[in-house]
There are 2 protein chains.
Amino acid sequence: MNLLKPIDLNKILGLKVQEEVEENKTLKDIEEMIKKSEKIIIFTHESPDGDAIGSTLSVYHALKEIGKDPIMYIPEYSRLFDFLPGTGEIKKELKDELYDLAISLDCSDLKRLEGKEYFENAANTIAVDHHENNNMFADLNYVNSAAPACAEVLISMFLYLGINITKEIGTCLLTGIITDTGGFQYQGVTPETFEFAAELLRKGIDIPNISSKVLQTRTKANFELSRKVTERMEFLENGQIAFSYINIKDEEEANAEPGDHEGLVNIGRSIEGVEVSIFIREKEENAYKVSMRSVNKVNVSDICYLFGGGGHVRAAGCLIKGNVEQVKNKIIKETKKAL
Amino acid sequence: MNLLKPIDLNKILGLKVQEEVEENKTLKDIEEMIKKSEKIIIFTHESPDGDAIGSTLSVYHALKEIGKDPIMYIPEYSRLFDFLPGTGEIKKELKDELYDLAISLDCSDLKRLEGKEYFENAANTIAVDHHENNNMFADLNYVNSAAPACAEVLISMFLYLGINITKEIGTCLLTGIITDTGGFQYQGVTPETFEFAAELLRKGIDIPNISSKVLQTRTKANFELSRKVTERMEFLENGQIAFSYINIKDEEEANAEPGDHEGLVNIGRSIEGVEVSIFIREKEENAYKVSMRSVNKVNVSDICYLFGGGGHVRAAGCLIKGNVEQVKNKIIKETKKAL
């Protein structure tokens, strides 16, 4: 079981946070709802990243710690996450059943939830999230948009529930944090993030190994796709916009699996002078998934919102119909206005 | 001056470390040597990275805090570091003068020190470093090979000297740590590294901004060179070795400046299945600078040592004479043996 000695979460989170957490009415209701539920299922958003998968697994292990036997449902995810404890228990298909309690993690909108039909049919629902545009779709919504990752919101919840942070839980939470902060690097990272990391490293959790698996390892297919993205990279508006794309054909040629396109948008973002990086990926015939990243100024969430998408200020996405040129022209036109 | 409130380094480093530091004879001698010296000059290794530059600047600001007026000498470095406080004071040329005290930072061997002739002529010398193969070339050598960065060794030294960590000093130290840990990610990162980061973030030092500048920003020329490296990437030994190269001509075509080749070796290192990434760069006619990175097993320092180079277990370098094919064959032959 690899149990750690109890971690002093109060020390990590500080007394003030602890008091806020203890007074939190939502957490009180969440605790009661979990306690009374037998059949519990955990969901997360489509195209799950490390925060989605890490949060799901951490809640799975946490509920096990308090005597529950939850189910996790993630139909597909990158096999780079297979190193995480508990992935063998993830269900890729569900039987047509009813659940006492459905928990949504890291998802701002029911539309993006993988398994939404089961979520909607559950007797009770909880959502834990950190997205600013979360539309509070569950019965109980514990959302903290100041947290850099859903996993960091879960730390407070586990503190409230009196759950001991085992090596399994810690590894999964750190995977979420490391993913969504780009390895403690993005705006939004908090002193508590670092203190939590220090405490878990001291207790023997191999943070460099998690970072290596989550951030520094990419599949051969991802590398082959990055060759295409790099080759096709264009700079517009005096180098302020970087644009590139991949088609379904490229993914087929690279034998790409789900998740193999992750991170390709960051290639453009890192180049000096680039304010907005746009990466589009053919999702189905005549429709491209647009991923946008900005460096300092542009609110890319606002731009994606115009096309029915959303996300964070510096990282957002949407789906636009058309061929490469059409989609490119539409999204570049709006981006130019925002520069 | 942007002074921070005094940071409780004792709290960060723990009482045990503090006692060890207080009893340290070398630090006592270093303190005396600094106190009695008037003309102080600070040096670092050739092809300086963020730890070299950050350490140099942090010692500059620290000595200013205790009333000294030191000189820094770094003839060339990437302009991506120009955001650091104090870079305007860096000397790129030196007059033929004698110094009371020369300090070497982040350098394992006098041969690699930029300005070694001035260092050798100084009345007294100090070296602070974290390389395992440091050959103790100075009069006083404060070397901790367990530290992930020279900047982390300097924290203990500043603690001993009673130096207040200002915003300037903290920013420069974090630049060193972030560079050499790849943003808190590589093996060697310590709980103290994270606690130091937490404390400085809480005091208002913008860690995401430093990470963005140091790790997530690359010059256009670096991107153009990475196009070449990506295009030419070869996989050998069933994908365990990744090999790529650039020539002087490539650097000329990309208008590359010093430092623009930094990080290119990491492109190969990150690909699934790769144990050793080898990147070679034409340094002069018929001679290539070899950079090696390993993921889990291979000691690349040992391999580079065979060719008169060295470094760390997972990151090392050497210079080999020959054309691309000749250098490739030599280094691959030794790498295969080590797999």
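The sequence lines fix the lettering, A, B, ..., with proteins before strands; numbering per chain opens at 1. The shown structure was predicted, so the numbers you read here are calculated from the model rather than taken from an experiment.
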(Q) A side-chain contact here means heavy atoms from C-beta on lying under 4.5 Å apart; do A/Glu199 and A/Glu195 qualify? (A) no
Q | Contact origin within A/Glu231 toward chain B - heavy atom pairs under 4.5 Å | A | backbone
Q) Taking the side chain as C-beta and beyond, is there a heavy-atom pair between A/Thr179 and A/Thr175 under 4.5 Å? A) yes
(Q) Using the side chain to side chain contact (heavy atoms under 4.5 Å, CB included) definition, which of the options A/Arg227, A/Arg281, A/His261, A/Arg232 pairs with A/Asp250? (A) A/Arg232
Q) Any residues in residues 233-245 of chain B near chain A, with a heavy-atom distance under 4.5 Å, and which are they? A) B/Met233, B/Phe235
Q | Whether A/Phe194 and B/Phe184 hold their rings parallel, tilted or perpendicular, with breakpoints at 30° and 60° | A | perpendicular
Q | Criterion side chain to side chain contact (heavy atoms under 4.5 Å, CB included) on A/His312 and A/Gln187, from CA distance to verdict | A | CA-CA 11 Å; A/His312 304 282; A/Gln187 290 295 344; over 6 Å; no
Q. Which one of B/Pro208, B/Ser212, B/Gly182 has the most heavy-atom pairs closer than 4.5 Å to chain A?
A. B/Pro208
(Q) Run the side chain to side chain contact (heavy atoms under 4.5 Å, CB included) test on A/Leu215 and A/Gln185 for me, step by step, so that the C-alpha distance in whole Å, both residues' side-chain angles and the decisive distance to 0.1 Å come before the verdict. (A) CA-CA 12 Å; A/Leu215 298 176; A/Gln185 286 174 32; 5.9 Å; no
(Q) So, using side-chain contact (heavy atoms from CB on, under 4.5 Å) as the criterion, who are the partners of A/Asn222 when residues are at least two apart? (A) A/Arg218, A/Thr219, A/Leu264
Q | Under 4.5 Å from a heavy atom of chain B, the part of A/Ile178 involved | A | neither
**Q.** B/Glu252, B/Glu251, B/Glu253 screened by side chain to side chain donor-acceptor pair (under 3.5 Å) with B/Lys249, the one that passes
**A.** B/Glu253
(Q) Does anything in residues 266-275 of chain A reach chain B? List residues with heavy atoms under 4.5 Å apart, or say none. (A) A/Ile267, A/Arg269, A/Ser270, A/Ile271, A/Glu272
Q) Can you check side chain to side chain contact (heavy atoms under 4.5 Å, CB included) on B/Leu80 and B/Glu262, steps first, answer last? A) CA-CA 11 Å; B/Leu80 291 182; B/Glu262 289 294 330; over 6 Å; no
(Q) Any heavy-atom pair between the side chains of A/Val300 and A/Ile278 that's under 4.5 Å? (A) no
**Q.** Engaged part of A/Thr190 at the chain B interface, taking heavy atoms whose separation is under 4.5 Å
**A.** backbone
Q.
Among B/Gly188, B/Pro191, B/Ser211, which residue has the highest count of heavy-atom pairs closer than 4.5 Å to chain A?
A. B/Pro191
Q. Between A/Tyr186 and chain B, which part of the residue has a heavy atom less than 4.5 Å away: side chain, backbone, both or neither?
A. both
Q: Please round to the nearest 0.5 Å and tell me the distance separating atom CD1 of B/Ile177 and atom SG of B/Cys172.
A: 11.5 Å
Ignoring hydrogens and angles, write down the donor-acceptor pairs under 3.5 Å from the side chains of residues 291-298 of chain A, residues two or more places apart or on other chains.
from, atom 1, to, atom 2, distance (Å)
A/Ser294, OG, A/Val298, O, 2.7
A/Ser294, OG, A/Arg314, NH1, 3.2

